[in-house]
Protein chains: 2
Amino acid sequence: MATLKDVAKLAGVSPKTVSRVINDSPLVNEETRRRVLEAIRLLDYHPNEVAKNLRRRRSQTIGFLVPYGSDFVFRDTGMMEQLKGVHDVVVREGYNLMLSVPLVKEDSLWEAERLVKRRCVDGVILYPSSGIDVIAKEFLHRNLHFVTLGIGFQDQKSNFVEVDFSQATCEAVFYLFSRGCKRVGLLTRPHWFFNFPENDSFLSGFKKALDEAGMDFTPQLVRESDFTVEGGYRDFLKLREQVPDMDGVVCAADPTAYGVIRALWELGKQPGRDFKIVSGDNFPLTRKLFPWLPSMHNPLLRQGEEAARMLLKLVERGGQLPGVVLEATFEPPKLH
Amino acid sequence: MATLKDVAKLAGVSPKTVSRVINDSPLVNEETRRRVLEAIRLLDYHPNEVAKNLRRRRSQTIGFLVPYGSDFVFRDTGMMEQLKGVHDVVVREGYNLMLSVPLVKEDSLWEAERLVKRRCVDGVILYPSSGIDVIAKEFLHRNLHFVTLGIGFQDQKSNFVEVDFSQATCEAVFYLFSRGCKRVGLLTRPHWFFNFPENDSFLSGFKKALDEAGMDFTPQLVRESDFTVEGGYRDFLKLREQVPDMDGVVCAADPTAYGVIRALWELGKQPGRDFKIVSGDNFPLTRKLFPWLPSMHNPLLRQGEEAARMLLKLVERGGQLPGVVLEATFEPPKLH
DNA sequence: TTGTACGCGTTATCAT
DNA sequence: ATGATAACGCGTACAA
């Protein structure tokens, strides 16, 4: 493998000049540059990024840490959207993306520390799954770079990109009323999935809608459901026992809605006609598979992009950045 | 940030001794080791992987290069399975995983070269999408490390993990016959997706089944379909025009089958009852969403694992390894 | 515009 | 069992 020195020797210049050419420095004679480029071509020289990174005290790499538990199979579609958002920004800015999925839950904390403290990455994007609060607080304190996809711990003010569903959920409920529903339920997110359960924007939006519609809220109208198809199936059936006259439901996630759909099939009801549903993510797949299914739109791609942009700023400028809250939206489908 | 030297100074030993302790060398006195470990703890020292990698001329990282076009949205579920297989093996062996999705198709070749030649990674896992044949051949020639997920170019003998569907497809067709089908069609993989279209194991299995059943094969019975829901929808409707009396179909992929299911709904037919389907991947999601849907099983996870194991061997021992062919399986669902 | 000398933080070699 | 010294391949600081 040819090195920068070899190139310098062949081109008859100093190593530094070769370095300048590689890094597109303007401070180099055209003729010299030409000679150097020719030498690079002849030797098939490729700069060694590891050496460069050591010298620059950078890894030029961003980490994406997926919590164990992403076997949540189908949540992966949402994760992939976020990941793609992160990836695109990171790559465009000349960084690499390292993906890490700890094999067991206990490894998450150690893995986040390993990635950042051993300088495998310049910064890391974290899911706000349980346990991450510890990491986030320590990283903040030691000025290590991270961004959480959602709020990671209570009173976190910086370095997160959160999605707020309250307005979208409120509109979704009104949409169901407008479609003739008399009694609407909510399958919300699982509180145990997060570090501070209090702040459920699905629930607050749901309550707001009932309030504005002059209807009473009762806890019976709500169940939590983990973001899985089976969970949606199971929890919908339970919710139906709680609210026998329910004729519409808002789901916090697409997989949950899939579970509801399956349950309705098995009950001999046609989803969307005999019973109304609003879904929660609006995955591309959902549009393809169930074009008739109304859905809130979870801005997963943008969340990933924002998180990546924020992290790169942190890496390049240091300090902290105020958290960002994106709004989920609800676009009622065209009626016909 | 404390370095190895700082630790050495504090512990009153040479840097090399600290290095020995870190790397669990047996050649170090117990008492010395204790002192060093104490110094490490006091300084909160973390070894710098970049420096280590420079010295060891390794990046200790494996690349996973996703072809542009992975917007194939739902194929991602399959890709995630493979990725998870790769990840688990790679991490268990103490490597990192770098994920790269070139933003545009033209970047793929350059990106693969960049990753390997600039030593960002020690080796790379490639999809056999078009264009990869060029890379694979050059890498082979220059002894750079790679494994393709499937055969990347004609006559490739080494460094791939392929999945063979011929037997599974054959059994799937017989299953449909056993369920009363008289006329079975095939929605096979898109030939343009690969570099050498000749070797379609779905098609060969399909032909074999018809042959063994004493039925004539005609090209009308087959259509290619890209691995998308829309594609499955569209191509199924076309295939139905070609074969009006078709009463069963084998799909090369799960998203294709989803498209078929949607088409049947819209035709007012109940999938699985009025028209029989066998799917091609058996994603976890498929089991959850359509438990009644029979499917061949695409060993995606194992394919990823095998590819990773192969690549790590190549990285650590050099040379080349003969390609591996995994068998897809068909397990008829329990009838009731 | 170009070159020199040094350092980034670790491991390898060869001593002792 | 431990240490001195030299790499690894590049960028930085400063001088020319």
Side-chain angles (χ1 to χ4, degrees), chain A residues 1-37 39-40 43-61 94 96 114-122 316, chain B residues 1-40 43-61 94 96 114 116-122 316:
Chain A
M1 272 284 184
T3 74
L4 188 139
K5 273 185 189 164
D6 302 329
V7 176
K9 205 171 294 174
L10 181 59
V13 297
S14 81
K16 178 61 216 182
T17 301
V18 178
S19 173
R20 287 202 181 89
V21 171
I22 292 172
N23 295 298
D24 289 319
S25 161
L27 302 147
V28 50
N29 188 308
E30 256 326 304
E31 164 58 14
T32 315
R33 178 191 307 278
R34 219 193 38 67
R35 279 220 319 285
V36 169
L37 288 176
I40 287 178
L43 294 174
D44 191 33
Y45 166 73
H46 299 267
N48 183 319
E49 296 284 337
V50 178
K52 178 176 180 171
N53 291 339
L54 173 58
R55 182 63 249 221
R56 301 189 50 214
R57 324 180 98 204
R58 281 281 198 78
S59 64
Q60 203 67 15
T61 300
N96 296 309
R114 190 200 125 236
L115 287 176
V116 177
K117 292 187 178 167
R118 307 189 110 153
R119 327 242 65 157
C120 293
V121 303
D122 297 332
E316 287 168 7
Chain B
M1 270 287 185
T3 74
L4 187 139
K5 273 183 190 165
D6 302 328
V7 176
K9 205 170 296 175
L10 181 59
V13 298
S14 82
K16 180 62 213 181
T17 301
V18 178
S19 173
R20 286 200 182 91
V21 172
I22 292 171
N23 295 296
D24 290 320
S25 162
L27 302 146
V28 50
N29 188 308
E30 255 326 303
E31 163 60 14
T32 315
R33 177 190 309 279
R34 219 193 37 69
R35 278 218 322 283
V36 169
L37 288 175
E38 177 62 11
I40 288 179
L43 295 173
D44 191 34
Y45 164 73
H46 298 268
N48 183 319
E49 296 285 337
V50 178
K52 178 176 180 170
N53 292 338
L54 172 59
R55 182 63 245 214
R56 301 189 50 212
R57 323 181 99 205
R58 280 282 197 78
S59 65
Q60 203 67 14
T61 300
N96 296 310
R114 190 200 126 236
V116 178
K117 293 186 179 167
R118 307 191 121 168
R119 328 242 64 156
C120 294
V121 303
D122 297 331
E316 287 168 6

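Residue numbers start from 1 in every chain, and the chains themselves are labelled A, B, ... in the order their sequence lines are given, proteins ahead of strands.
With sequence neighbours excluded, no residue forms a side chain to side chain donor-acceptor pair (under 3.5 Å) with N53(A). Applying the side-chain contact (heavy atoms from CB on, under 4.5 Å) rule to I22(B) yields the partners L4(B), V18(B), I40(B), Y45(B), P47(B); only residues at least two apart in sequence or on another chain are considered. Qualifying salt bridge (Lys or Arg N to Asp or Glu O under 4.0 Å) partners for D44(B), counting only residues two or more places apart in sequence or in other chains: R142(A). The side-chain contact (heavy atoms from CB on, under 4.5 Å) test applied to E31(A) returns N29(A), R34(A), R35(A), not counting sequence neighbours. Shown here are the salt bridge (Lys or Arg N to Asp or Glu O under 4.0 Å) partners of E38(B), two or more places apart in sequence or in another chain: R41(B). By the side chain to side chain donor-acceptor pair (under 3.5 Å) test, S14(B) is found to be paired with T17(B), residues two or more places apart in sequence or in another chain being considered. Scored by the salt bridge (Lys or Arg N to Asp or Glu O under 4.0 Å) test, K117(A) finds E113(A), E138(A) as partners (sequence neighbours excluded). Shown here are the side-chain contact (heavy atoms from CB on, under 4.5 Å) partners of R57(A), two or more places apart in sequence or in another chain: there are none.
Within 4.0 Å (heavy atoms only), V13(A) reaches sugar-phosphate atoms of the nucleic acid but no base atom. Using a 4.0 Å heavy-atom distance criterion, K16(B) is classed as a base contact. Note on P47(A): only backbone sugar-phosphate atoms sit closer than 4.0 angstrom, heavy atoms only; bases stay farther off.
Listed by first and then second residue, the salt bridge (charged side-chain N to carboxylate O under 4.0 Å, His left out) pairs that reach into residues 3-16 of chain A come to none, sequence neighbours excluded.
The side chain of N29(A) has dT1(C) as its nearest neighbour among dG7(C), dT1(C), dG3(C). For L27(A), whose side chain is taken as the heavy atoms from C-beta onward, the closest listed nucleotide among dT2(C), dC6(C), dG9(C) is dT2(C).
The two residues A39(B) and A11(B) come nearest to each other via the heavy atoms CB-CB, 3.9 Å. The two atoms that bring V50(B) and R119(A) nearest to each other are CG2-O, 3.5 Å, heavy atoms only.
Interface limits on DNA chain D: the 5'-most and 3'-most nucleotides within less than 4.0 Å of chain B heavy atoms are dA1(D) to dG9(D).
A donor and an acceptor atom never sit less than 3.5 Å apart when one is taken from the side chain of R55(B) and the other from the base of dT10(C).
Bending across the helix from dT1(C)-dA16(D) to dT16(C)-dA1(D), expressed as the angle between its end axes from five pairs apiece, amounts to 30° (10° rounding).
Near DNA chain D, meaning a heavy atom under 4.0 Å from it, residues 17-25 of chain A has S19(A), N23(A) in order of number.
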